[in-house]
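One structure is given here, and the rest of the page talks about it.
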Number of protein chains: 2
Amino acid sequence: MFPIDADAQTDAVADAPRVDDQLCFAVYAASHAFAKVYRPLLAELGLTYPQYLAMLVLWEADDCTVKAIGERLGLDSGTLTPLLKRLEAQGLVSRVRDADDERQVRIRLTPAGQALKPRAAKLPREIGRAIGRPLPEIIQLRQEIVRLRAALEAASA
Amino acid sequence: MFPIDADAQTDAVADAPRVDDQLCFAVYAASHAFAKVYRPLLAELGLTYPQYLAMLVLWEADDCTVKAIGERLGLDSGTLTPLLKRLEAQGLVSRVRDADDERQVRIRLTPAGQALKPRAAKLPREIGRAIGRPLPEIIQLRQEIVRLRAALEAASA
DNA sequence: TCCTATTGAATTGCGCGCAATCGAATTATC
DNA sequence: GATAATTCGATTGCGCGCAATTCAATAGGA
């Protein structure tokens with residue numbers, strides 16, 4: 001028994017771990033599985049999954065800078081700039097340079113972006129039904145994954 | 001309290017959920033956090049994270065078809081074909097059409113690909129230390145995430 | 001046997017995701 | 001106030017990840 005990534009491998013030391021035993025792979029596969037469930041539902045709103053995450057941030061706190069969204073989601077400008085431009089092209093957000101600090105670009109919801117909120121709000125509950133497990137369990141699982149993320153981020157810092 | 005994706009939101013029905021409360025986001029962020037920890041370690045081996053996953057499959061069972069790797073990792077040919085070509089370009093695998101069924105392409109480790117195995121085998125344990133939690137906990141967490149993935153895949157099928 | 005359906009890869013197109021770099025704007029130092 | 005360092009965002013390049021299409025090879029049925 002070794003503390004191998006996350007897994008229960010018990011074989012000889014020189015053996016490569018089995019992919020199915022890896023915690024990292026379990027998380028990787030679960031993330032893809034989530035995306036696969038969300039994709040068709042989000043397609044009805046004209047959003048991709050990362051675009052949905054950005055909209056979640058804005059629905060919670062409108063008028064953010066790109067940096068603020070990036071910190072919240074863990075994404076950098078190389079990802080967010082084109083993503084936000086696509087949202088702008090769809091008429092869901094506006095992108096204007098801040099008058100006080102022209103380095104910053106403020107992202108604001110348009111009326112169309114606001115209008116999407118109630119439709120999006122119905123979405124997570126549908127997913128919740130799909131998971132089909134009691135809510136307290138789900139909440140606790142989320143907490144443990146959040147702690148896992150924190151430990152990993154501490155390790156890579 | 002609603003079964004919202006995965007989260008503990010308690011606000012009014014019309015409100016969009018908060019991103020931090022979402023299980024899907026926790027998993028998404030944890031997956032990125034894993035990638036960030038693995039990336040510099042894998043860079044020493046000249047591999048990306050998905051390439052590492054493909055190599056794990058091959059180290060466990062050499063001489064696979066593209067389809068077999070895809071089923072194991074949940075990836076399709078659009079992702080795997082160029083990925084495997086890059087591994088071939090690095091001299092880690094060979095890609096040859098099966099003589100019996102010329103539709104299939106068999107992927108085999110080269111000596112260089114085999115030689116990478118013991119170096120890669122040391123990797124997960126380093127990560128395990130980074131996580132810094134008792135192994136039984138980790139194993140149980142992995143199990144729950146595997147079950148979550150299964151529920152999601154059942155829902156999107 | 002011929003015809004059809006199916007299967008396995010490859011290809012194309014688009015959208016992340018990140019490292020590296022750049023340029024403009026701001027702040028700090030002198 | 002000139003200079004240097006920092007900050008924010010955009011850009012480029014590369015590698016996934018997936019949907020959709022294409023093509024060759026195989027399997028099945030009349």
Side-chain angles (χ1 to χ4, degrees), chain A residues 24-25 28-40 42-43 46-55 64-90 93 95-107 153 156, chain B residues 24-25 28-40 42-43 46-55 64-90 93 95-107 153 156:
Chain A
C24 65
F25 176 65
Y28 169 91
S31 181
H32 288 333
F34 257 124
K36 200 159 293 189
V37 173
Y38 268 100
R39 195 172 299 119
L42 287 172
L47 295 174
T48 66
Y49 182 66
Q51 287 168 6
Y52 167 70
L53 293 180
M55 293 297 284
C64 292
T65 64
V66 174
K67 181 176 180 59
I69 298 175
E71 281 173 353
R72 198 72 186 278
L73 301 181
L75 298 174
D76 69 356
S77 69
T79 300
L80 283 176
T81 295
L83 185 156
L84 293 169
K85 282 185 175 176
R86 275 174 221 115
L87 291 179
E88 184 187 33
Q90 296 193 19
V93 306
R95 299 176 344 110
V96 292
R97 295 237 162 233
D98 189 305
D100 292 346
D101 186 343
E102 298 239 343
R103 291 173 303 181
Q104 308 184 68
V105 171
R106 305 207 72 87
I107 309 297
E153 288 181 347
S156 68
Chain B
C24 64
F25 177 65
Y28 170 91
S31 181
H32 289 333
F34 257 124
K36 200 159 293 188
V37 173
Y38 268 101
R39 194 173 300 117
L42 287 171
L47 295 175
T48 66
Y49 182 66
Q51 287 168 6
Y52 167 69
L53 293 180
M55 293 297 283
C64 291
T65 63
V66 174
K67 181 177 181 57
I69 299 174
E71 282 174 352
R72 197 74 186 277
L73 301 181
L75 300 173
D76 69 356
S77 68
T79 300
L80 284 176
T81 295
L83 184 155
L84 293 170
K85 281 184 177 177
R86 283 187 276 276
L87 291 179
E88 184 186 34
Q90 296 194 21
V93 305
R95 303 175 341 110
V96 293
R97 296 238 162 232
D98 189 304
D100 292 346
D101 185 343
E102 298 237 343
R103 292 171 303 181
Q104 306 184 67
V105 171
R106 305 206 72 89
I107 310 297
E153 288 182 346
S156 68

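Just so we're on the same page: letters track the sequence lines, and every chain starts at 1. A quick note: this is a predicted structure, and the numbers were derived from the prediction, not measured.
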Looking for any heavy atom pair under 4.0 Å, which part of the strands does [X] touch: base, sugar-phosphate only, or nothing?
{"X": "B:Leu80", "result": "nothing"}
{"X": "B:Arg95", "result": "sugar-phosphate"}
{"X": "B:Gly74", "result": "sugar-phosphate"}

For B:Ala68 versus B:Cys64, what's the shortest heavy-atom pair and its separation?
CB-CB, 4.3 Å
Closest heavy-atom contact between A:Arg103 and A:Arg97?
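Shortest heavy-atom contact: O-NH1, 3.1 Å.
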Rounded off to whole Å, could you give me the [atom1]-to-[atom2] distance for the [X] and [N] pair?
{"X": "A:Gln104", "N": "D:dT6", "atom1": "CD", "atom2": "C1'", "value": "14 Å"}
{"X": "B:Lys67", "N": "C:dG8", "atom1": "NZ", "atom2": "C1'", "value": "7 Å"}
{"X": "B:His32", "N": "C:dA19", "atom1": "NE2", "atom2": "P", "value": "12 Å"}
{"X": "A:Leu73", "N": "C:dC18", "atom1": "CG", "atom2": "C1'", "value": "15 Å"}
{"X": "B:Gln90", "N": "D:dC14", "atom1": "CD", "atom2": "P", "value": "15 Å"}
{"X": "A:Arg103", "N": "D:dC8", "atom1": "CZ", "atom2": "P", "value": "6 Å"}
{"X": "B:Leu83", "N": "D:dG17", "atom1": "CG", "atom2": "P", "value": "8 Å"}
{"X": "A:Asp76", "N": "C:dA19", "atom1": "CG", "atom2": "C1'", "value": "8 Å"}

[X] vs [N]: side-chain N/O to OP1/OP2 distance below 4.0 Å:
{"X": "A:Arg86", "N": "C:dC16", "answer": "yes"}
{"X": "A:Arg97", "N": "D:dA10", "answer": "yes"}
{"X": "A:Thr48", "N": "C:dC16", "answer": "yes"}
{"X": "B:Tyr28", "N": "C:dG17", "answer": "yes"}
{"X": "A:Gln51", "N": "C:dC16", "answer": "yes"}
{"X": "A:Thr81", "N": "D:dT11", "answer": "no"}
{"X": "A:Tyr52", "N": "C:dG15", "answer": "no"}
{"X": "A:Lys85", "N": "D:dG9", "answer": "no"}

Got a second to check how far A:Asp100's CG is from A:Arg106's CZ, nearest 0.5 Å?
9.0 Å
[Y] and [X], any side-chain heavy atoms less than 4.5 Å apart:
{"X": "B:Leu83", "Y": "B:Pro50", "value": "yes"}
{"X": "B:Met55", "Y": "B:Val93", "value": "yes"}
{"X": "A:Ile69", "Y": "A:Val66", "value": "no"}

Specify the residue among A:Pro82 and A:Asp101 whose closest nucleotide of DNA chain C lies further upstream toward the 5′ end.
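Result: A:Pro82.
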Between A:Asp100 and A:Thr79, name the one whose nearest nucleotide on DNA chain C is closer to the 5' end.
A:Thr79
Taking for each residue the nucleotide of DNA chain D bearing the nearest heavy atom, is the 5' side occupied by A:Arg106 or by A:Arg39?
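First, find each residue's nearest nucleotide; the 5'-ward one identifies A:Arg106.
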